[in-house]
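Worksheet for the structure shown next.
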Amino acid sequence: MNKVNNKLLELEQEFLKVQNDLSSRIELENNFIIEEIKNIAGVDLAYWNIGEKTFGTCCIVIIDYYSKEVIEKVYSYGQVVVPYIPGFLAFRELPLILEAVKKLTVEPDLYMFDGNGYLHFRNMGIATHAAMYLKKPTIGVAKSYLKIGNVDFMMPDNKVGSYTDILVDGEVYGRALRTSKNVKPIFISCGNWIDLDTCTNITMDCINKESRLPIPVRLADLETHKMREKLAK
C-alpha cells in the first residue's frame, strides 16, 4: 500500500509541475476572428473496467457551426494506465484525445470539451490543458459544478441565456449558464485563446431544444455511450 501511495504522490508532484509550467501559456482572449469559425468539434470520453483493467474511449464529433450538420465522427479507445487523481484528470484523458484527433480528416476551428477549462483548482482543466497540444481555441462545458475551495455558484435567473459569473478570490473562473428554461444550468469556462463572453455566445449558438448541452458536446457524449456499449462487451 505504501508503494502505491508513494507512486501516486510522485505522479501528483510530476503532474503539478507540468500544470504550473503550462499555466503560464494561458491566454483568455480571442486569437481568432469569430466570423471565420466554420467547424466546431465536441470531445467527450467514457470509461469501463474489465477485471482490474480500465479502458476508455474518446469520441470527437465535428459540426458545421452554421448549419449544425455533422461533418465527421471519429473515436479512439484503449487501456487507461494513468490512475485517477483529483485535479489531474487531463493526464488520464489526453492520450486518448490525441489519438482520436489523429484520425480527423477535417480540421476543427475550435474544440468544445465535456469538462472544465479555466474553472479548475489551478486553471488547468482538460479544455485548457488539451489546447496546448491542439493549438486551437477551446471551451470547457461541464454538466456539474466543480467546487473550488468554499466557493459556491449563484443560480442564474430562470430564463434562456441568463448567467452568473463564478469568482474565486475575486477572479472570474467561469460561468453558470442557463441554456434552457426550467433546466439546470451548465458550467462553462475558457479553455485557451478565447474570452468568456465569446465562450458564452458560441455555446448559446449551439443550443437547440434537444438538450441543455451545446450540440457538439451532446453528440460526442452520445457517441461515447454507444462506443462504450460496443467496446465493453
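This is a predicted model, so every value here is computed, not measured. Index from 1, following the sequence.
Looking at Thr128, its side chain does come within 3.5 Å of a backbone N or O of Gly191 through a donor-acceptor pair. Arg92 contributes a side-chain N or O that, together with a main-chain N or O of Val82, makes up a donor-acceptor pair within less than 3.5 Å. Under a 3.5 Å cut-off, the side chain of Thr200 and the backbone N or O of Leu196 do form a donor-acceptor pair. Under a 3.5 Å cut-off, the side chain of Asn123 and the backbone N or O of Tyr118 do form a donor-acceptor pair. Checking side-chain atoms of Arg178 against main-chain N and O of Asp157 turns up a donor-acceptor pair under 3.5 Å. Within the 3.5 Å criterion, the main-chain N or O of Lys38 finds a donor-acceptor partner in the side chain of Asp109. For the pair Thr57 (side chain) and Ser76 (backbone), a donor-acceptor distance under 3.5 Å is present. Using a distance-only test at 3.5 Å, with no hydrogens or angles considered, a donor-acceptor pair links the side chain of Asn30 to the main chain of Asp195. For Gln19 (side chain) and Gly87 (main-chain N/O), a donor-acceptor pair under 3.5 Å exists by modelled atom type.
In this structure, Lys226 does not pair ionically with Glu229, as no charged nitrogen and carboxylate oxygen lie closer than 4.0 Å. By the 4.0 Å N-to-carboxylate-O rule, Asp152 lies close enough to Lys147 to be salt-bridged with it. Using a 4.0 Å cut-off between charged nitrogen and carboxylate oxygen, Asp221 and Lys143 count as a salt-bridge pair. Taking 4.0 Å as the cut-off between side-chain N and carboxylate O, Lys17 and Glu14 do not count as a salt-bridged pair.
Ring to ring, Tyr77 and Phe55 are not that close: their centroids are 6.0 angstrom or more apart.
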Distance-only check: which donor-acceptor pairs under 3.5 Å involve side-chain atoms of residues 160-167, not counting sequence neighbours?
from   : atom 1 : to     : atom 2 : distance (Å)
Ser162 : OG     : Lys159 : O      : 3.2
Thr164 : OG1    : Met154 : O      : 2.4
Asp165 : OD1    : Arg175 : NE     : 2.6

Show which side-chain atoms of residues 39-47 pair as donor or acceptor with protein atoms under 3.5 Å away, not counting sequence neighbours.
none

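Here the side chains of Lys68 and Asn208 are not in contact, with every heavy-atom distance at 4.5 Å or above. Using a 4.5 Å cut-off on side-chain heavy atoms (C-beta onward), Trp193 and Glu27 make contact.
Between Phe91 and Phe88, the ring-plane angle classifies as tilted under the 30° and 60° cut-offs.
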Worked check of side-chain hydrogen bond (donor to acceptor under 3.5 Å, both in side chains) between Thr54 and Asn49: CA-CA 4 Å; Thr54 299; Asn49 293 320; 2.7 Å; yes

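Both Tyr111 and Phe187 belong to a single network of hydrophobic side chains, linked directly or stepwise wherever heavy atoms of I, L, V, M, F, W or Y lie under 4.5 Å apart.
Applying the side-chain contact (heavy atoms from CB on, under 4.5 Å) test between Met112 and each of Val61, Ile215, Thr203 identifies Thr203 as the sole match.
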